[in-house]
Amino acid sequence: MFLVLSKPHSVDIAGEVIIAVLADTGELISCDSVANQTELVGLIQSKDLSDFRLVWDDTNRWYPKLLAEGIWIPRCVDLRLSDQILRHSEFTRDHYFALRGEDPWLKFDESEPSEGLFELEPSDSELDSAAEFAFQSKVIENSERSQQIKLLLAAESAGALVAAEMKFCGLPLRPDLHEQMLVQALGPRPRFGERPKTLAKLLSTIQTLLNVNDLNPDSPAELIKGLKANGLNVSSTRSWELKRLDHPVVAPLLEYKKLSRLMSANGWHWLDANVADGRFRPDYVVGGVVTGRWASRGGGGAMQLPKKVRGSVVADSGWQLVVADAAQLEPRILAALSGDSAMAKAGKSRDMYEGLVATGVVESRDRAKVAMLAAMYGATTGDSAKLMPLLARAFPKAISLVESAARTGERGGVVTTRLGRTSPAPDAERIFPEDGFSESTDSGARSPRTGSFARSWGRFTRNFVVQGTAAEFSLCWMALLRQKLHELAFDSRLENGPHLVFFMHDELVIHSPISVAPKVGELAVLAAIEAGKLLFPCTSVEFPLDVSIVDRYSDAS
DNA sequence: TCGTGTCGCGCC
DNA sequence: AAAGGGCGCGACACGA
């Protein structure tokens, strides 16, 4: 048994019913009774079931096959992703372990079933989805924060659908344009094992300037040695450190490193391996980062598609790319999370950093940005750290939220996002090392001295609440936009209407027929507003988008 | 020759 | 402009 159909119900946060987001217990339709794929297609596509939520063990195992059949799933519960959240969340983990018997996930096999869509004989690795769904529902019902958890699981599961759909549709990428860019930057494609012309030239310049014949700049150790032999004292070969040197070799060296990076990360090999039929199809890993952000696997790093490569990302003829970016998402999340009205007010400005300047806390946009990053990441040195007292005075609630998250982490505690994703517990022995860092005092309390591991863990928990809640916002945003796009192109197959093709933390790209592209942009804005209301029903913080409608990704502002 | 660890860099 | 958080990856370095 692997499929269960269950009615959706509404979630009620702060007295406001927003949208139907997660299945309640109720009528379950077992798909065991469905004999074959055709029958399932009929079942899912029939009008009555379009409002239902599909419950399955693992979206990755089933959805790609359904998509290939032209089937779109309105919503689902991904039991695997839900389990990961429930067993760690502060809101649910006590009930989870109290109610959980034998762990059914220990023997669960994530690999895609080989034979068709159905296997008449469930194997040992199959999960009893109905039983697991019942278990999870019970854990959720027992939670005092069931509304948040339900929303989180719905959003995470919707993310799984989006990820599968984005891989299925692929990001349009023109290999001819990409090669053209490579040739322009590096020279013609070299034979295997050889350096392209531009790199070879730069290499010999570098070797001449440093007076070393066989220096390989790709080796940090060799490079440091070569620089030191020329009286250039560096402790690393990071480009920002090299920039500080006053020597003719710096310019060609930095150029070499830049191009060498382009070649190895997004060169011809990357193109061959990751782009087929004019589409880049990375694997997204939903919940792949502890904070709840997505990660990517293989595919040459989908979550870091360099600016330079975006010139090759071009909409199909008759289509456009709608690029939507949540402006200053993390500072806005912090403002909403902490209920800091002064910071919310600064966020009334379309550009929140300019808004901070307008309040008079800092004198320039750059300073505002650096100060916010310092607050969210935990800067301890440099100019950015000096801005902290200014911020703390202007935005006491926001700053005390991140400071308290940091202190919790330093003490070895865990922190939790808005919807309930909880940070992992640190290794207690590293927080409280036995070699004298923090000996017990007479009262038995820990010494106030904090070791470097504890401080760095504090920076992690400080960032966790903001980054993790921002990730929740993005999941809700995508989930809502996905529904709106479906309504816009109700009858067509996913790939024939406007569809999501790329996601990067706070930015979404939709491949859209030209005729509806402006409408898609509006829907993206609307979805972001609704996502803000879902997470923070009572906040005055706004979540505006920068939307560009372009042919080429690199033309987006 | 393999796996593992570190560096450096790209993205947010 | 600063070097604070999160990732994945390729290349190199090193030990088995």
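Quick caveat: nothing in here was measured; it's all calculated off a predicted structure. Order of the sequence lines sets the chain letters (A, B, ...), proteins ahead of strands, with each chain counted from 1.
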| note | note: A:F460, atom CZ; C:dG6, atom P; distance rounded to Å ~ 6 Å
| Below 4.0 Å: OP1/OP2 of C:dA13 and any side-chain N or O of A:S219 | yes
| request: Just grab all the salt bridge (Lys or Arg N to Asp or Glu O under 4.0 Å) pairs involving residues 453-467 of chain A, residues at least two apart or on different chains. | output: A:E403-A:R462
| said: Could you check whether A:R350 pairs with A:D546 (Lys NZ or Arg NE/NH1/NH2 to Asp/Glu carboxylate O, under 4.0 Å)? | reply: yes
| Interatomic distance, A:F280 CZ vs C:dG8 C1' [rounded to whole Å] | 12 Å
| request: Remember a base hit wins even if backbone is also touched, and classify A:V290 as base, sugar-phosphate or nothing at under 4.0 Å, heavy atoms. | output: sugar-phosphate
| message | Please list, in numerical order, the residues of residues 387-400 of chain A that have a heavy atom closer than 4.0 Å to any atom of DNA chain B. | response | none
| query | For residues 240-256 of chain A, which residue pairs qualify under salt bridge (Lys or Arg N to Asp or Glu O under 4.0 Å), counting only residues two or more places apart or in two chains? | reply | A:E255-A:K258
| message | Can you work out whether A:R244 or A:G288 has the more 5'-proximal nearest nucleotide on DNA chain C? | response | A:R244
| message | Taking any heavy-atom pair under 4.0 Å as a contact, classify A:D218: base, sugar-phosphate, or nothing. | response | sugar-phosphate
If you look only at distance, which donor and acceptor atoms sit under 3.5 Å apart when one is on a side chain in residues 176-184 of chain A and the other is two or more places apart or in another chain?
residue: A:D176; atom: OD1; partner: A:R174; partner atom: NE; Å: 3.0
residue: A:D176; atom: OD2; partner: A:R174; partner atom: NE; Å: 3.3
residue: A:D176; atom: OD2; partner: A:R174; partner atom: NH2; Å: 3.0
residue: A:H178; atom: ND1; partner: A:S312; partner atom: OG; Å: 3.1
residue: A:H178; atom: NE2; partner: A:N266; partner atom: O; Å: 2.8
residue: A:E179; atom: OE1; partner: A:W268; partner atom: NE1; Å: 3.2

| What pairs meet the side-chain hydrogen bond (donor to acceptor under 3.5 Å, both in side chains) rule with one or both residues in residues 221-230 of chain A, with sequence neighbours excluded? | none
| In whole angstrom, what separates A:K386's NZ from C:dG4's P? | 14 Å
| What is the distance, rounded to the nearest whole Å, between atom CZ of A:R297 and atom P of C:dC7? | 15 Å
| request: Would you jot down, in residue-number order, the residues of residues 161-184 of chain A having a non-hydrogen atom under 4.0 Å from DNA chain B? | output: none
| Nucleotide C:dG8, atom P - distance to CG of A:N266 in whole Å | 16 Å
| message | So, using side chain to side chain contact (heavy atoms under 4.5 Å, CB included) as the criterion, who are the partners of A:V289 when residues are at least two apart? | response | A:T291, A:R293, A:A295, A:Q467
| query | Counting only side-chain N and O atoms of A:N216, is one of them less than 4.0 Å from OP1 or OP2 of C:dC12? | reply | yes
| task | Would you kindly give the CZ-to-C1' distance between A:F464 and C:dG4, to the nearest whole Å? | result | 18 Å
Using distance only, find each side-chain donor-acceptor pair of residues 189-201 of chain A under 3.5 Å and give its atom names and separation, not counting sequence neighbours.
residue: A:R189; atom: NH1; partner: A:D272; partner atom: OD2; Å: 3.3
residue: A:R189; atom: NH2; partner: A:D272; partner atom: OD2; Å: 2.9
residue: A:R191; atom: NH2; partner: A:E194; partner atom: OE2; Å: 3.4
residue: A:R195; atom: NE; partner: A:Y256; partner atom: OH; Å: 3.0
residue: A:R195; atom: NH2; partner: A:N216; partner atom: OD1; Å: 3.3
residue: A:R195; atom: NH2; partner: A:Y256; partner atom: OH; Å: 3.2
residue: A:T198; atom: OG1; partner: A:A185; partner atom: O; Å: 3.4
residue: A:T198; atom: OG1; partner: A:L186; partner atom: O; Å: 3.0

| note | Per-nucleotide protein contact along nucleotides 5-12 of chain B, 5' to 3', at a 4.0 Å heavy-atom cut-off (B base, S sugar-phosphate only, - neither), is ---BBBSB
| A:V250: partners by side chain to side chain contact (heavy atoms under 4.5 Å, CB included), with sequence neighbours left out | A:L245, A:H247, A:L254
| request: Apply ring-ring contact (aromatic ring centres under 6.0 Å, His included) to A:F453 and list each qualifying residue two or more places apart in sequence or on a separate chain. | output: A:W457
| Euclidean distance, atom CE of residue A:M372 to atom P of C:dG5 [Å, nearest integer] | 17 Å
| Which residue lies more 5' along DNA chain C, comparing A:A295 with A:M376 via nearest heavy atoms | A:M376
| query | How many Å lie between OH on A:Y353 and P on C:dA1, as a whole number? | reply | 16 Å
| remark: Residue set satisfying ring-ring contact (aromatic ring centres under 6.0 Å, His included) with A:F91, at least two apart, ordered chain then number -> none
| query | Can you find a side-chain donor-acceptor pair between A:T461 and A:S423 that sits under 3.5 Å? | reply | no
| said: Quick check on A:K484: does its NZ atom have over 12 non-hydrogen neighbours (other residues, nucleotides or ligands) under 6.0 Å away? | reply: yes
